[in-house]
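Here is the structure we will look at.
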Amino acid sequence: MGDDSRIIKVGQNKVGLRGLDQAVAEMTAEWASRPDGEIGMELARRMQKQNYISDAALDKYAKALAGHFRRETGSATIGDSATESGALEIRVLGIGCSQCTRLTQLAMEAVAQLGLPADVEHIIDVKQIASYGVIGSPALLIAGKAVAVGHVPSKERIIKWLEQYTN
């Protein structure tokens with residue numbers, strides 16, 4: 001892929017999109033205060049001009065693109081903090097060291113203890129990690145927000161963070 005391409009996760013698939021960084025840069029100031037649904041649909045429409053995105057997949061792309069926009073711009077999510085399945089999105093960023101593995105395990109234990117529907121994923125791909133804009137590992141993200149970077153918090157602390165998203 002060229003320099004103007006970016007790989008993002010749409011549903012369970014990783015896809016490359018041309019022109020995404022430029023579209024996000026063009027929208028940053030004007031769109032940051034709008035709801036995620038509007039941001040995602042606008043980005044999806046813009047991406048359709050340079051990439052093939054079927055109308056049937058537009059909603060999935062919109063959701064993924066809104067999350068990408070929030071990570072890239074550092075703006076707060078406006079709207080739902082859950083994935084389209086209703087599960088809370090939890091990401092552990094790290095290349096697979098023992099601390100990253102431990103953090104993933106603690107996150108899964110915390111989710112299980114609370115009985116939360118959650119999508120927990122340990123991301124080890126360096127390029128994908130970089131797309132989140134977080135420097136330091138391991139990192140724990142809940143609903144797109146970095147809550148711990150560079151250390152492994154206790155399970156009790158993770159539970160407290162998770163409870164903030166369920167109340």
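No experiment lies behind these values; they were computed from the predicted model shown.
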I would like to know whether Ile39 and Leu65 meet side chain to side chain contact (heavy atoms under 4.5 Å, CB included); could you show each step before the answer?
CA-CA 8 Å; Ile39 291 169; Leu65 289 165; over 6 Å; no
Let me see the working for His68 and Val10 under side chain to side chain contact (heavy atoms under 4.5 Å, CB included), right down to the final yes or no.
CA-CA 10 Å; His68 176 79; Val10 177; over 6 Å; no
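Pro138 approaches Leu103 most closely through the heavy-atom pair CB-CD2, 3.7 Å. Nearest heavy atoms, Ala110 versus Ile158: CB-CG2, 3.7 Å. Of all heavy-atom pairs between Glu38 and Trp31, the closest is O-CZ3, 3.7 Å. Of all heavy-atom pairs between Val134 and Ala139, the closest is CG1-CB, 3.7 Å. Residues Leu88 and Ala143 come closest through the heavy atom pair CD1-CB, 4.1 Å. Pairing each heavy atom of Pro153 with each of His151, the nearest pair is CD-O, 3.3 Å.
Under a hydrophobic clustering in which Ile, Leu, Val, Met, Phe, Trp and Tyr are joined whenever their side-chain heavy atoms come within less than 4.5 Å, directly or via other members, Val111 and Val147 fall into the same cluster. Under the 4.5 Å side-chain heavy-atom criterion for Ile, Leu, Val, Met, Phe, Trp and Tyr, Val24 and Tyr61 are members of the same hydrophobic cluster. By the rule that hydrophobic residues join a cluster once side-chain heavy atoms approach within less than 4.5 Å of another member, Leu162 and Leu106 end up as members of one cluster. The hydrophobic cluster containing Leu93 also contains Val149, counting ILVMFWY residues as joined when their side-chain heavy atoms lie under 4.5 angstrom apart, directly or transitively. A single hydrophobic cluster is not seen to contain both Ile129 and Leu140; linkage of ILVMFWY side chains at heavy-atom distances under 4.5 Å, directly or through other members, places them apart.
With His122 contributing its side chain and Thr101 its backbone, the two residues share no donor-acceptor pair below 3.5 Å.
Expressed to the nearest 0.5 Å, how far CD of Glu156 lies from CH2 of Trp161 amounts to 11.5 Å. Interatomic distance, CG of Leu114 versus CD of Glu163, reported as 5.5 Å (0.5 Å rounding). Atom OG of Ser131 is separated from atom CG of Leu20 by 10.0 Å, given to the nearest 0.5 angstrom. Expressed to the nearest 0.5 Å, how far CD of Gln22 lies from CE of Met27 amounts to 12.5 Å. To the nearest 0.5 angstrom, Ile90 atom CD1 is 10.5 Å from Thr104 atom OG1.
Between Lys127 and Ile7 there is no side-chain heavy-atom pair separated by less than 4.5 Å.
Contacts classified as salt bridge (charged side-chain N to carboxylate O under 4.0 Å, His left out) and involving residues 104-113 (residues at least two apart or in different chains) are given here: Glu109-Lys155. Pairs passing the salt bridge (charged side-chain N to carboxylate O under 4.0 Å, His left out) check and including a residue from residues 139-152, sequence neighbours excluded, do not occur.
A salt bridge links Arg91 to Asp119: at least one charged side-chain nitrogen sits closer than 4.0 Å to a carboxylate oxygen. For Glu89 and Lys63, the salt-bridge test fails: no basic side-chain N is under 4.0 Å from an acidic carboxylate O.
Environment of CD1 in Ile124: sparse, with no more than 12 heavy atoms of neighbouring residues, nucleotides or ligands closer than 6.0 Å.
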Without placing hydrogens or testing angles, list every side-chain donor-acceptor pair under 3.5 Å for residues 41-55, not counting sequence neighbours.
{"residue": "Glu42", "atom": "OE2", "partner": "Arg46", "partner atom": "NE", "Å": "2.8"}
{"residue": "Glu42", "atom": "OE2", "partner": "Arg46", "partner atom": "NH2", "Å": "3.4"}
{"residue": "Arg46", "atom": "NH1", "partner": "Glu26", "partner atom": "OE1", "Å": "3.3"}
{"residue": "Gln48", "atom": "NE2", "partner": "Ile53", "partner atom": "O", "Å": "2.9"}
{"residue": "Gln48", "atom": "NE2", "partner": "Asp55", "partner atom": "OD1", "Å": "3.4"}
{"residue": "Asn51", "atom": "OD1", "partner": "Arg18", "partner atom": "N", "Å": "2.7"}
{"residue": "Asn51", "atom": "ND2", "partner": "Arg18", "partner atom": "O", "Å": "3.0"}
{"residue": "Asn51", "atom": "ND2", "partner": "Met47", "partner atom": "O", "Å": "3.0"}
{"residue": "Ser54", "atom": "OG", "partner": "Ala57", "partner atom": "N", "Å": "3.2"}

